[in-house]
Amino acid sequence: MQAARFHGPEEGLVVESVPRPDPGPGELLVEVGACGLCHSDLHLLSGELPVPTPVTLGHEVAGTVVETGAGVDDPAPGTPVVVYGGWGCGDCRACTRGEDQLCNVLEWCGIGADGGLAEYLRVPDPRYVLPAPGLDPVAAAPLTDAALTPYRAVDRARDHLGPADTVVCVGVGGLGQFGVQFAAMTGARVVAVDVDPDKLALADDLGADATVDASTGTVPSAIRDAAGGEAAVAIDFVGDDDTLQWCGNVLDTGGRLYVVGIGDGSYEVAFNPLVGAEIAVTNVFWGSINQLRDVLALADAGRLEVTTETVGFDDLAATYDRLEAGGVAGRAVFTP
Ligand code: FEH
Ligand code: ZN
Ligand code: ZN
């Protein structure tokens with residue numbers, strides 16, 4: 001089968017022919033329908049996030065079960081599925097509560113184990129595939145990461161958001177497009193921030209109550225004006241020093257900052273002891289299997305919109321370059 005294999009920062013991504021995996025006992029083989037390209041892949045490709053190589057990239061996958069290993073009866077071959085990519089050991093506290101993405105073994109799909117930028121994907125356990133009948137794989141694949149991660153952030157913020165509160169979403173890219181939608185579902189006032197007018201227009205369409213163009217002016221005061229005051233929650237889908245400073249600057253006393261984006265991987269959160277009492281800050285990593293079930297339920301109910309562009313094997317390198325330059329609208333999705 002054809003697969004896009006990462007051979008390290010020097011050699012980079014190589015599309016090559018490799019044996020089609022055979023599912024062992026307890027495993028499944030999924031024919032890849034689509035696989036999203038994630039900004040995090042850029043950190044793998046640059047070597048900032050070291051991974052064992054060669055490895056097939058792609059951790060945001062939808063497709064169809066085509067073969068099951070011994071002992072696997074469900075889901076049966078022919079079942080359309082999405083793949084939960086945060087594969088873990090299955091036995092630790094994180095895994096046994098369904099938060100396998102927090103397991104400390106690096107066995108994630110497309111990161112420690114071969115992923116979905118290929119024609120077929122071996123999945124190590126049936127608990128990592130969720131039936132997704134009736135969903136187009138191109139629209140379903142982003143649910144497993146681009147939607148799941150913002151969903152986790154909003155899920156954790158939900159108890160701090162009511163109709164009289166404001167939530168600020170900074171960055172309306174592949175993840176932020178979903179973050180705005182989930183934030184709007186809480187009933188709080190949503191202020192979306194980006195430098196790209198097209199992304200601000202998209203945020204408006206997706207439910208933002210106000211948008212702030214961060215390419216001009218003093219961003220924190222523009223956010224406060226749009227919010228009508230200070231914010232209860234800020235979610236940073238970019239994750240660089242500027243965006244973190246904007247978020248910290250607009251949070252109310254007792255406010256909460258959720259850092260989803262990893263920017264260039266170098267951000268630091270500065271706590272100023274004289275400003276902003278009792279601000280809580282956390283990063284957010286991927287999501288749990290049950291949170292993916294919630295995201296799927298919202299998609300099945302037609303309550304989620306996703307903007308995608310599809311690319312093939314030949315376009316992968318150029319698309320990652322465009323992703324790095326901020327030139328991808330919505331989510332770029334690979335189809336074999
Ligand atoms: C993947 C690999 C490493 C860091 C972060 C990620 C996220 O994109 C997973 O959602
Ligand atoms: Zn990702
Ligand atoms: Zn584990």
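As the structure is a computational prediction, the values presented were derived from the model and not from experiment. Counting convention: from 1, in listed order, for ligands and their atoms alike.
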Heavy-atom check, side chain of C169 versus side chain of V191, under 4.5 Å: no
Partners of I262 by side-chain contact (heavy atoms from CB on, under 4.5 Å), sequence neighbours excluded? S40, H43
Does the side chain of N290 pick up a donor-acceptor pair with the side chain of S288 at under 3.5 Å? no
Does a donor on one side chain sit under 3.5 Å from an acceptor on the other, for H160 and D165? no
Is there a donor-acceptor pair closer than 3.5 Å between any side-chain N or O of D100 and the backbone N or O of G86? no
Distance filter < 2.8 Å from the Zn ion (ligand 2), protein N/O/S hits 3
Quick one: does R122's side chain have a donor or acceptor within less than 3.5 Å of a partner on P23's backbone? no
Short side-chain donor-acceptor distance under 3.5 Å, D145 and T149: yes
Which protein N, O or S atoms sit under 2.8 Å from the Zn ion (ligand 3)? C89 SG, C92 SG, C95 SG, C103 SG
With rounding to the nearest 0.5 angstrom, report the CZ to OH distance, F178 to Y151. 13.5 Å
Quick one: do the D236 and T243 side chains pair a donor with an acceptor below 3.5 Å? yes
As a test of understanding, state which of Q291, R127, Q101 forms a side-chain hydrogen bond (donor to acceptor under 3.5 Å, both in side chains) with Y84. Q101
Are there over 12 heavy-atom neighbours, none belonging to R303, within less than 6.0 Å of that residue's CZ? no
Contacts for ligand 1, heavy atom under 4.0 Å, by chain and number, are C38, S40, L49, H59, I111, D145, T149, F285, W286
Would a hydrophobic clustering, with Ile, Leu, Val, Met, Phe, Trp and Tyr connected at side-chain separations under 4.5 Å, put F334 with F6? yes
Between the side chains of T307 and R331, does any donor sit under 3.5 Å from an acceptor? no
